[in-house]
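First listed ligand is number 1; within each ligand, the first listed atom is number 1.
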Amino acid sequence: MSNLRIVAEFAAVRWFRPLRTRGAVERRQRRLLRRHLRFLRRHSAYFRDLIPVRGGVLADLPYMDKSVMMGRFDAINTVGAHRDEALELAIANERSRDFDADLGTNSVGLSSGTSGHRGLFVVSSAERDAWVGTVLARTLPRGRLLGHRIALFLRADNTLYESVGSRAVSFSYFDVHADMTANIARLQEYRPTILVAPPSVLRLIARAADVGRLDARPEKVYGVAEVLEIADSHRIQSSLGQPMLHQLYQCTEGFLAHTCEEGVLHLNEDNIIVERESLGEGRFTPIVTDLRRRAQPIVRYRLGDVLKERAEACACGSALTPIERIEGRQDDTLAFRTAAGLTVPVFADVVTRALLYAEGFDEYRVAQTGDMRLEVSLDVLDDHARQSVTDELHALADRLGCVRPEVVFTAYRHDPSVKLRRVTRTWRRTDDEKL
Ligand SMILES: [Zn+2]
């Protein structure tokens with residue numbers, strides 16, 4: 001790790017790279033893209049055949065996804081990593097929960113597969129330093145820069161996050177797999193000025209604060225790695241005394257968005273290009289090109305997430321595209337049906353909003369397990385809670401002009417090792433691709 005590289009990146013993002021107009025953003029993207037394509041043609045066997053000697057445009061390159069990345073791993077990466085060897089190393093790291101073994105100067109890790117497939121990622125030490133610099137630039141509050149204590153609660157698949165620590169800023173890593181009571185006692189002692197954790201873990205921390213086991217009040221709190229629901233956000237804000245809850249939208253495929261001081265998400269378009277597959281009404285699936293990741297290129301990588309663009313500009317004045325919210329995985333969009341048999345997609349966010357009005361419980365999950373059949377897990381399973389949830393889901397179906405779903409209930413269990421997705425769909429229609 002090089003502190004110099006981290007500081008250089010920090011300064012560039014924070015002070016020296018003011019991208020105040022769309023023109024400035026696009027000029028920077030074009031310049032980085034030209035350089036990146038030249039690099040890929042020279043160093044990646046996969047891209048050598050795809051990028052013409054002179055120029056080359058993004059639109060001519062094929063899309064990537066997890067299966068392409070895993071299937072063509074050896075040809076795609078530019079550091080000579082072999083898939084089986086890297087996979088073995090990543091699995092050994094995960095088992096030992098140690099993460100020290102590296103592939104030369106590169107780090108390897110597994111990405112959590114919400115879709116069930118495990119992905120493999122490789123980052124060079126320079127990329128890791130740039131990442132740390134960017135994250136610091138995006139997260140440290142205005143004004144005081146030094147002396148921050150940053151607590152990171154993360155799943156071990158994010159080895160990227162672990163690489164930090166310097167005299168100016170201290171980092172403490174908390175393993176979400178470890179006992180939460182012990183984690184919270186450590187947190188109380190560490191007294192972070194900045195707290196970063198998945199929303200499901202932030203809720204546990206908020207609850208500890210509610211019962212007086214934690215009185216540390218960070219200056220800023222970030223939700224990462226999971227979709228942040230509005231109800232969760234309000235709850236966490238009030239328990240931890242935060243005027244707003246921030247977000248870092250980060251996945252294996254890149255650091256995609258961050259909240260500005262206004263609390264609005266902006267795409268990190270200074271380092272990535274986001275193409276859009278429109279889903280209508282401002283919603284889209286992002287196709288991401290990371291202009292700076294060279295060890296394992298991410299080029300036109302189709303993410304399964306659904307994002308909603310913000311209609312108005314943000315008051316912060318940034319030219320980076322503002323995002324209204326991240327609505328979860330496209331695979332988790334529920335499929336309701338009208339009496340006439342037409343399928344109506346119901347976005348995860350629409351379901352969580354409908355359940356804002358249900359009462360009598362605290363934690364929940366909704367899974368579509370069959371044609372117009374929803375399984376709801378609740379932490380409180382009394383008649384009042386069940387009736388309230390059923391009423392809201394029926395009202396939602398009525399509003400959408402759909403058949404009312406059958407609603408069945410199960411007990412809610414918290415599992416910190418699994419990404420929380422409040423709304424999921426496990427059932428597939430035969431004509432699913434139409435959704
Ligand atoms: Zn903003």
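To the nearest 0.5 angstrom, R337 atom CZ is 8.0 Å from T343 atom OG1.
Applying the side-chain contact (heavy atoms from CB on, under 4.5 Å) test to A354 and every residue at least two apart in sequence or in another chain returns L396, R399.
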side-chain hydrogen bond (donor to acceptor under 3.5 Å, both in side chains) evaluation trace for T78 with H43: CA-CA 5 Å; T78 64; H43 297 95; over 6 Å; no

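For the Zn ion (ligand 1), the nearby protein N/O/S atoms, meaning those under 2.8 Å, are C260 SG, H266 NE2, C314 SG, C316 SG.
Classification of the H36-F39 ring pair by plane angle, with boundaries at 30° and 60°, yields parallel.
E269 has a carboxylate O that lies under 4.0 Å from a charged side-chain N of R22, or vice versa, which qualifies the two as a salt bridge. Between R422 and E363, at least one side-chain N (NZ, or NE/NH1/NH2) sits under 4.0 Å from a carboxylate O, which counts as a salt bridge.
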